[in-house]
There are 2 protein chains.
Amino acid sequence: MVTDIDTSDFGPQSGRPRSDRAVFDAIADPTRRAILDGLSGRSRPAGEIAADFAISRPAVSKHLRALEGAGLVRVTKEGRRRMYEIDAEPLREVDRWMQRYRTMWAAKLVAIKQHVESRASLASSTSPESSAGSSGAAEQVGDGGTPTGAS
Amino acid sequence: MVTDIDTSDFGPQSGRPRSDRAVFDAIADPTRRAILDGLSGRSRPAGEIAADFAISRPAVSKHLRALEGAGLVRVTKEGRRRMYEIDAEPLREVDRWMQRYRTMWAAKLVAIKQHVESRASLASSTSPESSAGSSGAAEQVGDGGTPTGAS
DNA sequence: GTATTATGTAACCGAATGGTTACGGATATT
DNA sequence: AATATCCGTAACCATTCGGTTACATAATAC
């Protein structure tokens with residue numbers, strides 16, 4: 001299995017995300033995440049968005065451009081003002097990718113629970129250390145049940 | 001509200017993620033996402049991971065280093081082999097950030113549903129186009145109810 | 001002991017990134 | 001009409017990024 005990367009090009013299918021890559025890239029930057037956060041309640045003009053940050057206006061423009069390119073914001077002109085409105089739809093792709101890892105957390109929780117329960121049945125004969133001991137043992141559980149020793 | 005960015009440094013609190021930034025940065029790259037995907041079932045040696053990709057071994061090493069730095073993988077040596085195992089915990093931070101946008105999708109779904117229902121009451125007199133028409137109209141609904149026309 | 005395998009590190013490179021100042025077109029205000 | 005405001009674009013810059021080849025060390029195989 002030799003993986004050819006960056007094949008998820010959504011194109012202008014829905015006029016939204018250009019690619020997975022653009023979306024993931026866009027949210028990788030903390031400034032851009034903060035911009036999106038600030039847009040989550042309502043659309044805002046560029047100048048207002050820029051006022052949130054201690055960087056230059058053109059720098060913010062660039063970030064907004066990247067977000068637009070990723071389909072995460074939509075721009076409408078109102079006179080000399082450009083209003084930016086969020087479009088969260090492309091983030092579904094991020095959420096989709098996250099799905100399997102979400103199930104890992106769940107699997108880890110189940111493994112911890114089972115471990116604690118099996119520990120509790122042992123602890124019925126060693127009472128005073130049992131709570132501290134089970135807490136420590138839970139740390140040793142791998143993620144998603146992945147064995148440390150390979151085949 | 002002037003936002004000071006990159007303040008989410010988790011440090012060695014739990015020995016896991018170094019920062020939000022490192023995690024978001026790590027998953028921004030499609031190769032690194034693919035590496036994580038390939039590790040989701042079990043731990044694997046570096047060479048096996050590298051075989052999945054049409055890039056050089058040192059390039060893969062670099063990616064693995066970035067993932068390690070973000071706390072997304074753990075490394076154990078087995079003789080001359082280095083086994084990499086996933087740790088999905090730092091992705092919780094990504095999931096947490098995503099939360100508000102997930103609720104936007106839900107809000108959009110509610111708006112669509114209400115729109116379709118109000119549309120259906122109209123469609124009681126124009127039956128054949130109603131399903132196609134309601135699908136088209138749903139496209140016009142803003143994200144999270146954000147009005148296109150600003151105040 | 002020698003040869004092979006596993007894999008990280010260093011140095012290098014071209015492209016990309018996230019910032020800057022200067023400038024200019026469009027719109028609003030005086 | 002003159003001036004002010006809004007905000008994008010261009011050009012520039014230092015840094016980072018994701019790749020490469022060359023090299024070296026550690027572990028395993030023969």
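For clarity, every value in this text was computed on a predicted model and none was experimentally measured. Naming convention: chains lettered A, B, ... in sequence-line order (proteins, then strands); numbering from 1 in each chain.
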Any side-chain heavy-atom pair from B:Leu72 and B:Arg32 closer than 4.5 angstrom?
-> no
Is the shortest side-chain N to carboxylate O distance from A:Lys62 to A:Asp29 below 4.0 Å?
-> no
Roughly, in whole Å, what's the span from CD1 in A:Ile27 to P in C:dT17?
-> 15 Å
Could you check how far CG of B:Leu64 sits from P of D:dG18, rounded to whole Å?
-> 13 Å
Between CG of B:Leu36 and CZ of A:Arg100, what distance do you get to the nearest 0.5 Å?
-> 9.5 Å
Every protein N/O within reach of nucleotides 11-13 of chain D N/O, cut-off under 3.5 Å:
none

What's the CZ-C1' distance between A:Phe24 and D:dC17, to the nearest Å?
-> 18 Å
Provide, to the nearest angstrom, the distance between the CG atom belonging to A:Asp52 and the P atom belonging to D:dC7.
-> 13 Å
Could you tell me the separation between the CZ atom of A:Phe24 and the CZ atom of B:Arg33, rounded to the nearest 0.5 Å?
-> 4.0 Å
To the nearest angstrom, how far is B:Glu68 atom CD from C:dT7 atom P?
-> 14 Å
Within a strict 4.5 Å, meaning less than it, do heavy atoms of the B:Arg82 and B:Leu64 side chains meet?
-> no
Per side chain to side chain contact (heavy atoms under 4.5 Å, CB included), B:Ile35 is matched among B:Ile49, B:Ile86, B:Val73 by B:Ile49
For nucleotides 21-30 of chain C, just jot down a letter per nucleotide in 5' to 3' order: B, S or -, based on protein non-hydrogen atoms under 4.0 Å.
-> BB----BS--
Would a 4.5 Å heavy-atom cut-off, applied to side chains only, mark A:Leu67 and A:Leu39 as touching?
-> no
A:Glu48 CD to D:dC6 P, straight-line distance once rounded to whole Å | 11 Å
Salt bridge (charged side-chain N to carboxylate O under 4.0 Å, His left out) partners for A:Arg102, two or more places apart = A:Asp95, B:Asp95
Distance, rounded to the nearest Å, where A:Ile55 contributes CD1 and D:dA14 contributes P = 19 Å
Can you check the B:Phe53 CZ to D:dG18 P distance for me, whole Å?
-> 14 Å
Assign each of A:Asp25 and A:Gly47 the nucleotide of DNA chain D bearing its closest heavy atom; nearer the 5' end lies the nucleotide of A:Gly47
Pair B:Arg42 + B:Glu48, salt bridge at N-O below 4.0 Å | yes
Which nucleotide in the set D:dG18, D:dC7, C:dT20 lies at the smallest distance from any side-chain heavy atom of B:His63?
-> D:dG18
